[in-house]
Amino acid sequence: MNDSPEPSGSAGSGDEAGTTTEQPTAQLDPSSATEGPRIPAPRLPEPQSGPAPRASRDDDRPDAQAGRSKDAEPGRRADEQVAEKARGGFDAESTEGKKPSAPGAADDGDRADYDPDEQKQRERFQQNQSRAGRGAAASGADARAFYYDQRVYHVSHGGRKFTVQYGFFGAQYVAAQVDTYVPVPNFSKMKDTLEARHLERLCGDVGSGRRTTAVNLLYEVGCLPDRIGTVEVDDDLIFSVLAEDCVMEAGDGLIIDRGGRTMRDGAVDALRRQARDAGAFIVILDDEDSAMAEATFAHGHADYQQVLERHLRTRAGVGRLAGQTEGSTPPDPVRFAAVAQHAAVARRIRLATSVFYVVRLAEFLEGYLDEVPDGDAVGDLEQALTEWDNQSRKLAKKILAATQDTDETQPAPHRQAFRIAYAVFAGHPLSNVFLAGELLSQQIMPLYETRETPPDRLIFDGNVDNLIHPSMVASARDDSQRAGPRCAELTDDTLITAILDVAWHDYDTLRGPLMTWLTVLAGNRSWQVRLRAAQIAGILAGFDFEQVYRSLIVVWARWQARYRRSAALAMDMAYVDGHLTRRVRQRVQDWTRSPDPLLQDTAARVYGMRLGEDDVPRALRELARMGRQPELTASSSVAAAMSELFLHGAAGQVMDELATWIASSNEHLPQHAVRSLVILAQQPSSMDRRGWLALPELAEHRRRWQRALVTLWRNALTNAETSRRAWNPMRKWLLAADHDDDLRALVEALAMEIFADPLDSRARFNLRLWRNRHPDAVLIAALLHHLTPDPMQGATDGEH
């Protein structure tokens with residue numbers, strides 16, 4: 001695969017990843033014709049008059065479709081004719097003239113390592129979609145909360161560049177949060193601890209009101225209302241970066257959403273000391289199942305009925321916000337109380353899953369009472385609440401309904417396609433939205449419909465204001481401090497799923513175009529486009545898992561490396577849907593036991609994501625079993641999965657496994673272990689061991705791991721595939737060791753074993769080059785001296 005950031009290209013141009021609209025008719029085999037297979041698109045479902053028959057597992061095998069020729073049917077179906085058109089229109093640039101190798105697991109330059117940018121976007125989109133409708137928006141590029149003051153800093157840490165963004169809510173926002181807050185259990189103890197330690201963690205579910213509690217805690221300990229906000233780093237090393245580069249002043253109150261990122265105790269403690277010295281305070285929002293530690297509190301939720309009544313009383317003029325209604329007739333508190341106790345409201349309170357839902361309910365009830373005549377106590381509240389429950393889907397239907405638009409200068413299908421693209425690529429630059437919308441409306445949809453004449457297109461037809469529905473666009477905000485292009489922003493993140501839901505279920509002829517569209521996008525040159533297309537496929541799997549799995553995911557899983565990566569990402573997105581977790585786990589397990597090496601390769605990629613993180617021992621067993629097979633020897637998927645598990649909290653388990661692999665009698669496992677080393681060699685250690693790298697820190701007191709590292713390095717530096725890439729991480733190891741005496745002693749001892757014959761000559765050559773580039777490097781000079789003990793040999797090497 002090639003998952004490194006690439007220039008974004010047109011998804012619909014003739015040289016982009018393409019599609020056909022039927023399943024492949026043969027397995028991907030290196031002995032096939034020299035011209036590479038073309039990208040498959042979804043097979044449309046057969047019309048059925050009754051319930052769909054239970055899918056046979058045999059139908060999932062690639063050879064199950066091999067003999068199904070369209071000529072065997074008396075009359076070709078319409079979708080097969082469409083397949084011919086699609087085949088001619090979307091030849092795949094990524095597969096043209098290529099075929100899978102070894103047997104297919106290493107095609108398309110499949111050498112990519114762990115990509116932190118993709119990892120960050122993948123996790124952020126998952127969190128936002130799980131948050132939609134359940135919790136308040138967080139900070140970051142996809143946030144729905146707007147800040148009165150945003151500041152962006154660019155810093156360097158560990159040889160890499162990061163963006164640190166501060167967003168302050170403003171005094172008015174903080175006052176509103178204080179006025180409407182209902183304290184959670186242990187709030188007083190939380191306040192005392194924060195006041196004493198300057199940093200604490202709140203562990204709870206998204207939507208439990210953690211952020212509002214954090215705002216109130218920071219206000220109570222004396223933070224300035226206009227200096228309370230969030231801080232975010234655009235990488236998973238958030239705490240290591242902030243511990244060194246966080247900007248804090250007296251009176252600042254900062255909220256950091258961990259979001260599953262690595263949190264080393266040393267980095268957190270360094271951040272706490274910074275806050276104490278600056279007179280600032282920090283609250284870290286963490287997951288509910290996080291390990292308990294000092295200054296950590298489990299955050300439950302406040303009583304939902306009290307939250308509702310508090311918000312309604314505040315909106316009725318009780319509390320400090322009453323002054324905002326001065327000059328107008330204040331609402332009747334009695335009517336608000338009647339609404340709060342209404343049976344229809346009480347039912348929803350009992351079923352509420354988050355504080356955020358209750359707050360939205362209070363906002364709706366306030367607006368509802370404004371429209372009900374004063375003489376009517378509560379009106380038809382039951383009917384109004386029924387409509388409110390489905391408001392996102394109702395708005396989505398309005399957005400996609402062509403008859404609702406009055407602008408006749410734009411053909412309705414073009415507007416609908418653009419709106420789907422705008423929702424799907426929310427948070428992406430508008431260039432991606434335009435390219436995807438143009439692909440769907442002008443190239444995919446015409447393959448599925450009959451048009452007497454093509455719609456007129458003019459250069460100035462593409463005005464966003466004319467194409468988009470005003471109700472779906474987030475309110476304008478000041479972009480003066482935001483770098484980069486304009487992005488698509490939805491007024492509500494729930495619209496992504498709602499618009500897909502309406503498109504999938506309410507427009508029966510749109511399923512085929514949608515799946516073909518996603519297939520083209522899943523092979524796009526841009527990894528951002530591929531990632532989002534795969535995640536949308538994962539959302540669609542929640543609507544109809546069997547159809548999406550058979551028509552999209554398993555087809556991608558048997559194709560080129562880009563598509564296998566997209567299939568893994570789609571399964572990862574489906575896995576976080578609680579209703580699909582078990583089914584995804586079973587399918588991936590089936591892939592690991594499939595005779596098809598492409599399915600095994602895709603399964604390995606999935607085990608490096610959430611599925612593997614939730615059960616690391618099983619993931620390691622499955623990766624080891626697949627790694628022993630010769631078919632995956634040329635693929636980096638196993639090594640990439642091991643590296644991701646290492647970086648997400650399983651460092652010790654992964655090191656144990658790599659130590660076993662490198663000493664294995666199996667000829668293939670050591671190769672995967674060496675690739676893993678090349679990926680992990682440059683990862684920084686905890687902040688309390690600054691200057692150290694993760695691998696030597698882990699191996700400091702473990703002789704077995706030290707021996708494993710020596711063997712891994714010797715293999716990496718002599719392996720034809722990895723040697724060119726491995727010498728540069730070794731140089732960084734030696735330079736980093738100069739910052740700490742203990743690290744220098746450990747790395748020096750390891751390096752002398754690593755550079756033993758037959759690597760000594762090559763090591764001297766590289767050490768001389770590095771000494772010239774880094775004349776002050778102590779360890780490099782010492783190693784060069786050790787490796788040239790004979791003065792005559794030193795003279796020969798140019799040391800005199």
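All heavy atoms count here, side chains included; hydrogens, waters and symmetry mates do not.
Closest approach of Ala275 to Ile282, counting heavy atoms only: CB-CD1, 3.9 Å. Across every non-hydrogen atom of Met573 and Ile539, the tightest pair is CE-CG1, 4.0 Å. Taking each heavy atom of Arg211 and Thr230 in turn, the nearest pair found is NH1-CG2, 3.3 Å. Here the closest non-hydrogen pair linking Gly542 and Asp577 is CA-OD2, 4.0 Å. Closest approach of Asp572 and Leu611 over heavy atoms only: OD1-N, 4.5 Å. Nearest heavy atoms, Asn216 versus Thr212: ND2-O, 2.8 Å.
A cation-pi arrangement is absent between Arg201 and Phe297, since the terminal nitrogen or guanidinium carbon is not both under 6.0 Å from the aromatic centre and inside a 45° cone about the axis.
Look at Arg258 and Asp286 and you find a salt bridge, because one of the NZ, NE, NH1 or NH2 atoms lies within 4.0 Å of a carboxylate O, short of that distance. Looking at Arg273 and Asp269, a side-chain N of the basic residue comes within less than 4.0 Å of a carboxylate O on the acidic one, giving a salt bridge.
Gln172 and Gln177 are not linked by any side-chain donor-acceptor pair at a separation below 3.5 angstrom, with hydrogens and angles left out of the test. Of the N and O atoms on the side chains of Thr193 and Glu200, not one donor lies less than 3.5 Å from an acceptor on the other residue. Residues Asp614 and Tyr575 bring a donor and an acceptor atom of their side chains to less than 3.5 Å of each other.
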Practice item. List the steps and the verdict of side chain to side chain contact (heavy atoms under 4.5 Å, CB included) for Leu430 and Cys487. Key: CA-CA 5 Å; Leu430 284 179; Cys487 295; over 6 Å; no
Practice item. Assess whether side chain to side chain contact (heavy atoms under 4.5 Å, CB included) is satisfied between Leu569 and Leu531, documenting all intermediate values. Key: CA-CA 7 Å; Leu569 291 166; Leu531 172 61; 3.7 Å; yes
**Study point:** Full working for side chain to side chain contact (heavy atoms under 4.5 Å, CB included) between Leu365 and Leu308
**Key:** CA-CA 10 Å; Leu365 293 174; Leu308 178 70; 4.1 Å; yes
Point to revise | Trace of the side chain to side chain contact (heavy atoms under 4.5 Å, CB included) decision for Val241 with Cys246 | key: CA-CA 8 Å; Val241 175; Cys246 189; over 6 Å; no
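Summarising the geometry, atom OG1 belonging to Thr296 is positioned 8.0 Å from atom CD1 belonging to Ile284; distances are rounded to the nearest 0.5 Å.
Between His198 and Phe281, the ring-plane angle classifies as parallel under the 30° and 60° cut-offs. Note on ring orientation: taking the six-membered ring where Trp is involved, the planes of Tyr166 and Phe168 are parallel (angle under 30°, cut-offs 30° and 60°).
A distance-only check finds no donor-acceptor pair linking the side chain of Arg347 to the backbone of His342 [under 3.5 Å]. For Arg210 (side chain) and Leu202 (main-chain N/O), no donor-acceptor pair under 3.5 Å exists by modelled atom type. Remark: side-chain polar atoms of Arg532 are not paired, donor with acceptor, to backbone N or O of Gln528 under 3.5 angstrom. Listed for the Asp252 side chain is no donor-acceptor partner under 3.5 Å among the backbone atoms of Met248. Distance alone, capped at 3.5 Å, is enough to place a donor-acceptor pair between the Asp303 side chain and the Gln306 backbone.
Checked against Tyr304 for a side chain to side chain contact (heavy atoms under 4.5 Å, CB included), the options Val355, Val182, Leu361 give a single hit: Val355.
Under the 4.5 Å side-chain criterion, counting only non-hydrogen atoms from C-beta, Val231 is not in contact with Gln165. When side chains are defined from C-beta on, Leu218 does not count as touching Val174, because their heavy atoms never get closer than 4.5 Å. Counting heavy atoms from C-beta on, the side chains of Val233 and Phe239 never come closer than 4.5 Å. Contact annotation: the side chain of Gln341 approaches that of Gln305 to within less than 4.5 Å [non-hydrogen atoms, C-beta and beyond]. Put simply, the side chain of Ile499 does not reach to within 4.5 Å of the side chain of Tyr422, judged on heavy atoms. Between Leu495 and Ile399 the shortest side-chain heavy-atom distance falls below 4.5 Å.
Taking the six-membered ring where the residue is Trp, the centroids of Tyr181 and Phe187 are separated by under 6.0 Å.
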